[in-house]
Asker: 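Attaching a single structure in structure tokens format; questions to follow.
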Amino acid sequence: MNIKASICTIRDEILIGQIVDTNSSHIATELNAIGIKSAKMLSIGDSHDEIISTLEAELSSNDIVITTGGLGPTKDDITKAALGELSGSTGYVENAQQLEIIREILSGRHLEMLDINRAQASVPNTCEVIPNKLGTAPIMVFRFPAERFGHIATLYSLPGVPFEAVGAIPAIMDDIKAHYKTTDIFHKSIMTFGIAESALAKLIEPWEDALPEDMHLAYLPNLSTGVKLRLSIYGGNKEDEESKIDKAFNDLKEILGDNIYSFEEETLEVVIRRLLYQSGETLSAAESCTGGMISHMITSVSNSSNYYLGSVTSYAIPVKVNVLGVDQKVIDECGVVSSEVAAAMAEGVRKLTGSTYAVATTGLADKYGDERNPAGTVWFGVTGPHGTITVKRQHNHDRKRNIERFAATALDLLRRYILEERKNK
């Protein structure tokens with residue numbers, strides 16, 4: 001039996017863009033982990049009739065419906081009343097556990113218990129309560145018999161405050177597993193960089209076509225991490241599923257080679273850490289168009305001080321010349337966005353810091369360019385004990401996304417340089 005679930009947010013603020021719905025993605029992730037696919041995500045406005053009609057439709061077509069929001073103490077929070085009517089409630093009861101939690105929260109904030117606070121512990125007599133230890137609104141569970149919607153259905157109502165909703169998820173998953181027969185699910189991902197999604201799909205098409213019918217492939221592109229390939233198997237034995245996916249990915253490695261940078265859901269900066277952390281080798285960076293983004297990415301990883309010596313953000317030409325030692329004549333003859341300048345920047349910061357490796361960027365991150373270097377052009381320099389390489393790329397995103405892509409590409413080129421150097425030792 002495939003269990004179907006729907007996730008609904010309730011609040012006008014989501015529909016008009018005042019707040020961003022993060023709850024649904026957290027809930028969908030946890031449902032997926034216990035073998036339940038989310039069939040739908042939708043948002044409902046603060047309308048009593050709309051809440052009832054929408055949830056009736058969702059309960060008719062799904063086994064599980066999870067809602068978040070509309071459970072606050074103010075008059076515009078109308079979800080509880082709507083759920084009471086939907087479930088055929090004939091009255092309200094006060095939940096002692098939630099009332100005590102409310103009392104403790106208010107006391108800790110040195111606030112008086114008001115009638116509207118106490119009212120939050122009052123719930124329709126048709127629901128079960130899972131106490132919300134992180135807030136004042138209880139988690140309500142409504143169970144509907146098969147006669148109502150043609151199948152047994154359960155509605156979970158969670159508070160909308162993100163840390164409260166996320167905190168409630170484990171209890172909801174436990175309740176689902178106690179009342180439904182869930183199936184095993186196994187996911188595994190590999191991370192690729194340096195090949196566009198469309199080109200990647202074409203390259204691995206024969207491999208993808210040969211995958212077993214119960215194995216599903218997803219392409220998940222990201223500017224900073226490349227294209228993640230995720231294989232999933234629903235049902236079956238977890239050990240068998242893992243073995244099948246490992247074999248499929250081993251076959252893929254023969255096709256993609258160094259375009260794969262990790263068999264875990266890792267970032268490029270984490271891979272750089274793994275390459276350098278134990279070796280005693282060090283790294284520095286000279287950044288122009290990336291404006292410190294490379295340094296930011298590297299230092300976002302713990303213990304990066306063990307291998308990352310620092311950077312020079314040489315945005316202006318005088319800094320390139322006076323700090324990094326780039327020859328002014330090279331800039332005049334070749335242009336600041338050039339292979340020669342990228343190489344000189346990398347070599348200059350390596351000499352300045354005494355690092356084993358160095359990476360540099362010089363380019364045009366936004367809409368301005370010329371015949372030699374169109375907008376989005378960037379030159380990378382990577383240097384180490386066995387020489388310097390330079391690579392040119394061009395990206396057609398906006399300024400912010402170009403900078404993100406430039407920095408990620410710099411780390412990928414550094415990764416490839418280190419791996420190639422170690423192969424040739």
Asker: Indicate every side-chain donor-acceptor pair of residues 389-397 with a distance under 3.5 Å to a residue at least two apart or in another chain.
Answerer:
{"residue": "T390", "atom": "OG1", "partner": "S339", "partner atom": "OG", "Å": "2.7"}
{"residue": "Q394", "atom": "NE2", "partner": "A375", "partner atom": "O", "Å": "3.3"}

Asker: For F193, is the NZ or CZ atom of R405 found under 6.0 angstrom from the centre of its six-membered ring and inside 45 degrees of the ring axis?
Answerer: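 Yes, R405 sits over the ring of F193.
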Asker: Rounded to the nearest 0.5 Å, what separates atom CG in L229 from atom CD1 in I190?
Answerer: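 Between atom CG of L229 and atom CD1 of I190 there are 4.5 Å.
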Asker: Measuring from I36:CD1 to N62:CG, what's the distance to the nearest 0.5 Å?
Answerer: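 If I round to the nearest 0.5 Å, the distance is 11.0 Å.
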Asker: Hey, are R274 and E266 close enough for a salt bridge, meaning a charged N less than 4.0 Å from a carboxylate O?
Answerer: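 A salt bridge is present here (some side-chain N lies under 4.0 Å from a carboxylate O).
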Asker: With a cut-off of 3.5 Å and sequence neighbours excluded, list every side-chain donor-acceptor pair involving residues 324-334.
Answerer:
{"residue": "D327", "atom": "OD1", "partner": "K329", "partner atom": "N", "Å": "2.8"}
{"residue": "Q328", "atom": "NE2", "partner": "D332", "partner atom": "OD1", "Å": "2.9"}

Asker: I need the I7 CD1 to M41 CE distance, nearest 0.5 Å.
Answerer: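 One gets 4.0 Å once the value is rounded to the nearest 0.5 Å.
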Asker: Keeping the roles fixed (side chain from N322, backbone from V319), state whether a donor-acceptor pair exists under 3.5 Å.
Answerer: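 A pair under 3.5 Å: no.
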Asker: Start with the C-alpha distance between E281 and Y357, add both sets of side-chain angles, then the distance that settles side-chain hydrogen bond (donor to acceptor under 3.5 Å, both in side chains), and finish with yes or no.
Answerer: CA-CA 8 Å; E281 295 173 317; Y357 303 101; 3.2 Å; yes
Asker: Under 3.5 Å, side chain of E197 to main-chain N/O of G226, donor-acceptor pair present?
Answerer: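 Side chain of E197 to backbone of G226: no pair is present.
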Asker: For the pair E420 and R416, evaluate side-chain contact (heavy atoms from CB on, under 4.5 Å) and give the outcome as yes or no after the intermediate values.
Answerer: CA-CA 6 Å; E420 187 64 28; R416 293 171 187 266; over 6 Å; no
Asker: According to the salt bridge (charged side-chain N to carboxylate O under 4.0 Å, His left out) rule, which pairs have a member within residues 286-304, sequence neighbours left out?
Answerer: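 Residue pairs passing salt bridge (charged side-chain N to carboxylate O under 4.0 Å, His left out), neighbours aside: none found.
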Asker: Going through the checks in order, is the side-chain hydrogen bond (donor to acceptor under 3.5 Å, both in side chains) test met by S43 and T9?
Answerer: CA-CA 5 Å; S43 294; T9 58; 2.6 Å; yes
Asker: Give a yes or no answer on whether the side chain of S338 reaches the backbone of V341 with a donor-acceptor pair at less than 3.5 Å.
Answerer: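 Checking the backbone N and O of V341 against the side chain of S338, a donor-acceptor pair under 3.5 Å is found.
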Asker: With a 4.0 Å cut-off on N to O distance, would you call E100 and R103 a salt bridge?
Answerer: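 Salt bridge present between E100 and R103.
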Asker: Between S304 and V301 (side chain of the first, backbone of the second, donor and acceptor by atom type, cut-off under 3.5 Å), is there such a pair?
Answerer: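 It does hold such a pair.
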Asker: Out of curiosity, L283 CG to I298 CD1, how far, rounded to the nearest 0.5 Å?
Answerer: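 Going from CG on L283 over to CD1 on I298, the span is 4.5 Å.
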Asker: State whether a side-chain donor-acceptor pair under 3.5 Å links S24 with D21.
Answerer: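 A donor-acceptor contact under 3.5 Å links the two side chains.
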Asker: Quick one: salt bridge (charged side-chain N to carboxylate O under 4.0 Å, His left out) pairs with a partner in residues 211-231, sequence neighbours left out?
Answerer: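 Pairs touching residues 211-231 that pass the test: D214-K244, K228-E265.
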Asker: To the nearest 0.5 Å, how far apart are CZ in F163 and NE2 in H26?
Answerer: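 That separation rounds to 13.0 Å.
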Asker: Tabulate below the donor-acceptor pairs under 3.5 Å that side-chain atoms of residues 199-209 make, not counting sequence neighbours, or state none.
Answerer:
{"residue": "W207", "atom": "NE1", "partner": "A248", "partner atom": "O", "Å": "2.9"}
{"residue": "E208", "atom": "OE1", "partner": "Y219", "partner atom": "OH", "Å": "2.7"}

Asker: How about NE2 on H296, more than 12 heavy atoms from neighbouring residues, nucleotides or ligands closer than 6.0 Å, or not?
Answerer: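 Check fails, neighbour count at 12 or below.
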Asker: Is any side-chain heavy atom of C8 less than 4.5 Å from a side-chain heavy atom of L55?
Answerer: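 Side chain of C8 against side chain of L55, heavy atoms only: contact under 4.5 Å found.
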Asker: May I have all residue pairs that pass side-chain hydrogen bond (donor to acceptor under 3.5 Å, both in side chains) and include part of residues 127-143, sequence neighbours excluded?
Answerer: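 Residue pairs passing side-chain hydrogen bond (donor to acceptor under 3.5 Å, both in side chains), neighbours aside: Q120-T136, E128-R143, N132-E164, R143-D175.
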Asker: Find the distance between CG (L231) and CZ (F249) and round it off to the nearest 0.5 Å.
Answerer: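 So the gap between those two atoms works out to 3.5 Å.
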Asker: Going by side-chain contact (heavy atoms from CB on, under 4.5 Å), T362 matches just one of T377, N373, V336, V378. Which one?
Answerer: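 Result: among T377, N373, V336, V378, V336 is the only option passing the side-chain contact (heavy atoms from CB on, under 4.5 Å) with T362.
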Asker: What's the shortest heavy-atom distance between S6 and E58, and which atoms?
Answerer: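 What the structure gives for the nearest pair is OG-OE1, 2.7 Å.
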Asker: Begin with the C-alpha distance, continue with both residues' side-chain angles, and end with the deciding distance and a verdict on side-chain contact (heavy atoms from CB on, under 4.5 Å) for Y156 and T67.
Answerer: CA-CA 6 Å; Y156 296 92; T67 70; over 6 Å; no
